[in-house]
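This report refers to the structure that appears directly beneath it.
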Amino acid sequence: MGFGADLKKKDDRSNGNEMRGPSKGSLLIIFLTVFIDLLGFGLVLPLLPVYADQFVVDPQGWQLGLLMASFSLMQFIVAPLWGSLSDRIGRRPVLLIGLLGSVIFYSVFAVATIAQSITWLFVSRIGAGIAGATIPTAQAYIADCTPPAQRARGMALIGMAFGMGFTFGPLIGYLALPSGHGDPGPLPGYFAAGLSLLAFLAAIFLLPESLRRENKRPHRSWIPWDGLRMIRQSAALKLLLVVIFVCVFSFSKFETTLSLLVKGTNDAPYQPFQFTWQQLCGTYALIGFTLALVQGGIVRPLSKRVPERTLAMVGITLEVVGFIVVVIAIELSSVIWLFAALFIIVSGFSCMQPSVNALVSRHTDAAHQGVVLGVSQSVNAMARIGGSAIAIFLLKIWLPLPYFVSAAIMVVAAVLIVRVGRIPFPQSNDRGADH
């Protein structure tokens, strides 16, 4: 019996069917893939208005608004398609294509700044959005390699990469333009492209395939109808997608209005804070560092002992409290209260995001991880677009209004998480995985 078991194990290994934990090298590539996506996003976010002021003739600001939204719009459209493709051909080739796309389109961004071309800026942001939409594939890679009980811990690693990318992106943007005025040039774009190239080369040698052969879906259509059908038939997945939309919608209003809140605008009758350009970049970097610190230092260890639903509820509660503290900070014009609010909100988001992603993964069978996580990323992008679109409008009506609205709708997310908690995990997903 022992000889037969060893022989079968050897045969499974040769066919790539053995379910095993991810190696340090593969985890490094997954980390770098997400890090680079958020590095480029965080690097470009504070610089886009500067570039646009240099060579965009746009008094109404609609071109700049579209430019800012184009990245998330592409993720909304493409993320489920990347996820579906990874369910058919494997995670590794999709991640390699995404990294190579990042090399190309961050280089295009650098060239666009030299040519001072709004058209090529659009091309670069649209292309970077398409290339960066492979984050659900990275999440599916983690799901392939981790037992259900450790899924939140794996998702927190991706959250750490989010935080680190958002930490270093604004810092590089600041170093490119310390005064906040002038021409930052093409160096930020070339830097992001070079880092993407290093990650691409490392992935070729260090990233094995994680998807087991028997879990690959047969090619039927570019539209992942079976994955969408699974979502429609799962009460838990439908509720969780609404939770993702509500939470990201709230957080994006906070992200979008933060610059205007702390730096002020020319037409605002009341400006409680007057941050400099350097302080603004430092604040964004602090947010990213807090994301990485909480997800890596608190959520990953806690996820071994605390259920995902409990962690998600803790995160939602913290966000509600944090939004209320922002209102207090505005009324008191207190920077101390403001930074306390930032820490509470970001800590809450750090607990909520990997926990909800883990719940989505645990309610999804192994053959549809890519497409379902892709749909969740699409919902994430749609919420980010919607939240950003309405945030400034609410801010101009009344400065605390976006944060009151965010706190109110996060209560809805809490109710939905309670309902999700009453739905058992599918047996095939919950027992698995002593691998």
Side-chain angles (χ1 to χ4, degrees), residues 33-58 60-82 97-136 162 165-166 168-170 172-174 176-177 183-197 199-200 248 252 255-256 259 281 284 288 374 377-378 380-389 391-392:
T33 299
V34 181
F35 172 76
I36 287 166
D37 180 43
L38 265 292
L39 177 77
F41 183 77
L43 184 156
V44 170
L45 190 62
L47 291 177
L48 270 176
V50 177
Y51 285 126
D53 283 342
Q54 291 177 341
F55 50 88
V56 177
V57 179
D58 181 21
Q60 288 77 33
W62 67 267
Q63 280 187 336
L64 181 58
L66 286 175
L67 191 63
M68 300 283 276
S70 59
F71 185 94
S72 295
L73 181 61
M74 287 302 102
Q75 295 209 322
F76 165 69
I77 295 170
V78 176
L81 301 179
W82 278 134
I97 293 169
L99 287 170
L100 184 59
S102 294
V103 175
I104 294 169
F105 289 107
Y106 284 130
S107 299
V108 171
F109 179 83
V111 172
T113 63
I114 297 172
Q116 297 196 347
S117 168
I118 184 64
T119 300
W120 283 106
L121 261 188
F122 267 102
V123 170
S124 70
R125 297 309 293 153
I126 289 170
I130 293 171
T134 55
I135 288 178
F162 263 79
F166 209 81
F168 287 100
I172 296 168
Y174 165 68
L177 198 67
D183 181 7
L187 286 181
Y190 284 139
F191 181 86
L195 193 60
S196 299
L197 179 60
F200 173 74
V248 176
S252 68
E255 281 180 321
T256 303
S259 294
C281 288
Y284 274 117
Q377 181 69 16
S378 183
N380 186 308
M382 181 169 58
R384 195 173 295 278
I385 294 168
S388 300
I392 296 175

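Counting begins at 1 with the first residue of the sequence. Owing to the predicted nature of the structure, the values given are computational and were not obtained by experimental measurement.
Ala79 is linked by a side chain to side chain contact (heavy atoms under 4.5 Å, CB included) to Ala133, Pro136, Gln377, counting only residues two or more places apart in sequence or in another chain. When the side chain to side chain contact (heavy atoms under 4.5 Å, CB included) test is applied to Phe191, the partners found at least two apart in sequence or on another chain are Leu39, Ile172. Scored by the side chain to side chain contact (heavy atoms under 4.5 Å, CB included) test, Ala383 finds Phe245, Val248, Phe249 as partners (sequence neighbours excluded). Legend: residues meeting side chain to side chain contact (heavy atoms under 4.5 Å, CB included) with Ser378, ordered by chain and number and at least two apart, are Phe76, Pro80.
Proximity of Arg384 to Glu255: side-chain heavy atoms (C-beta onward) are separated by under 4.5 Å at one or more points. Looking at heavy atoms from C-beta onward, Phe35 lies in side-chain contact with Leu195 at the 4.5 angstrom threshold.
Note that the OH atom of Tyr106 and the OG atom of Ser196 stand 6.0 Å from one another [nearest 0.5 Å]. Ser70 OG to Ile385 CD1: the interatomic distance, rounded to the nearest 0.5 Å, is 9.5 Å. Separation of atoms CZ (Arg125) and CD1 (Ile130) is listed at 12.0 Å; rounding is to 0.5 Å. One finds the CG atom of Leu99 at 10.0 Å from the CG atom of Leu197 (value rounded to the nearest 0.5 Å). The CZ atom of Phe105 sits 9.5 Å away from atom CD1 of Ile126, with the distance rounded to the nearest 0.5 Å. Atom CD1 in Ile104 sits 9.0 Å away from atom CZ in Phe200 (nearest 0.5 Å).
Across Ser252 and Gly387, no two heavy atoms sit closer than the pair OG-CA, 3.2 Å. Residues Gly189 and Phe109 share a closest heavy-atom pair of CA-CD2, 3.9 Å.
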- side chain to side chain contact (heavy atoms under 4.5 Å, CB included) assessment of Val111 paired with Tyr190: CA-CA 9 Å; Val111 172; Tyr190 284 139; 4.2 Å; yes

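Between the side chain of Ser102 and the backbone N or O of Gly98 there is at least one donor-acceptor pair closer than 3.5 Å.
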